[in-house]
Amino acid sequence: MSTSHTNETAGAAGSQVDPAVGAELARLRDSIDNIDAAVVHMLAERFKCTQQVGHLKAAHQLPPADPARESQQIARLRTLAENAKLDPAFAEKLLNFIIAEVIRHHESIADGIDDPVAITGE
């Protein structure tokens, strides 16, 4: 996933960045790009599982949202974030965003729409 990160300039004067600094920036950014790719793939796997949950809930007339489970997940994720030295408030916001999307998918499944992404184009 190497991209051209070494053509950076620094400061208002536009002076060239030291080649060693540019190389280190490129190395770190390549790692970030790899992590971003892994995050996207992990989210895709997570949503495959939640889609199956949505179908199971719809088949058994269960509500799309499960506030008790969501609260447990938020508490669990906040603890994981603290242990990983990540801001727990950030982790909670991220999980709330994901949960909202999962609920939207579950509502679509319950309404007979198998793929809400295909319908909305999102």
Side-chain angles (χ1 to χ4, degrees):
M1 294 202 186
S2 184
T3 56
S4 179
H5 298 298
T6 57
N7 296 330
E8 299 258 345
T9 58
S15 61
Q16 289 296 326
V17 171
D18 180 282
V21 173
E24 182 66 1
L25 278 171
R27 183 189 68 77
L28 291 168
R29 288 175 173 166
D30 284 345
S31 290
I32 290 167
D33 291 349
N34 288 336
I35 293 165
D36 287 346
V39 167
V40 167
H41 288 282
M42 293 299 294
L43 282 171
E45 286 302 310
R46 188 186 197 287
F47 275 95
K48 287 177 188 174
C49 291
T50 61
Q51 289 292 93
Q52 292 175 4
V53 168
H55 286 284
L56 187 61
K57 284 181 171 184
H60 295 278
Q61 292 80 44
L62 297 171
D66 184 345
R69 165 77 174 156
E70 293 156 21
S71 293
Q72 291 170 346
Q73 285 294 91
I74 289 168
R76 184 177 143 280
L77 195 72
R78 286 186 68 91
T79 299
L80 287 171
E82 288 170 6
N83 292 340
K85 307 289 188 256
L86 179 68
D87 178 7
F90 169 77
E92 183 174 344
K93 287 177 191 176
L94 178 62
L95 186 61
N96 280 327
F97 178 79
I98 291 169
I99 288 170
E101 188 66 9
V102 167
I103 291 170
R104 186 179 74 80
H105 286 194
H106 289 186
E107 289 169 344
S108 295
I109 291 167
D111 290 340
I113 302 168
D114 274 341
D115 186 359
V117 174
I119 301 300
T120 62
E122 296 176 359

Interatomic spacing from CG in Asn83 to CZ in Arg78 - rounded to 0.5 Å: 12.5 Å

Interatomic spacing from CG in Leu56 to OG1 in Thr50 - rounded to 0.5 Å: 12.5 Å

Side-chain cluster (under 4.5 Å, hydrophobic types only) that Val39 belongs to, other residues: Ile35, Leu43, Phe47, Leu94, Ile98, Val102

Closest non-hydrogen atom pair between Val17 and Gly22, with its separation: CG1-N, 3.7 Å

Glu101 and His105: CA distance, side-chain angles, deciding distance, side chain to side chain donor-acceptor pair (under 3.5 Å) verdict: CA-CA 6 Å; Glu101 188 66 9; His105 286 194; 3.1 Å; yes

Arg46: partners by side-chain hydrogen bond (donor to acceptor under 3.5 Å, both in side chains), with sequence neighbours left out: none

pair Glu70-Asn96: side-chain heavy atoms closer than 4.5 Å: no

Glu45 and Lys48 ion-paired at < 4.0 Å: yes

Audit row: Arg104, Glu107, salt bridge (charged side-chain N to carboxylate O under 4.0 Å, His left out) steps and yes/no: CA-CA 5 Å; Arg104 186 179 74 80; Glu107 289 169 344; over 6 Å; no

Which atom of Ala58 lies closest to which atom of Ile109, heavy atoms considered: CB-CG2, 3.9 Å

Spacing of Glu24 atom CD and Asp18 atom CG [to the nearest 0.5 Å]: 11.5 Å

Interatomic spacing from NE2 in His106 to CD in Gln51 - rounded to 0.5 Å: 6.5 Å

Residues clustering with Leu95 (ILVMFWY side chains joined when closer than 4.5 Å, directly or via others): Ile74, Leu77, Leu80, Ile99, Ile103

Whether Lys57 side chain and Pro64 backbone form a donor-acceptor pair below 3.5 Å: yes

Minimum-distance pair of heavy atoms, taken over all atoms of Pro88 and Ala81: CA-CB, 3.9 Å

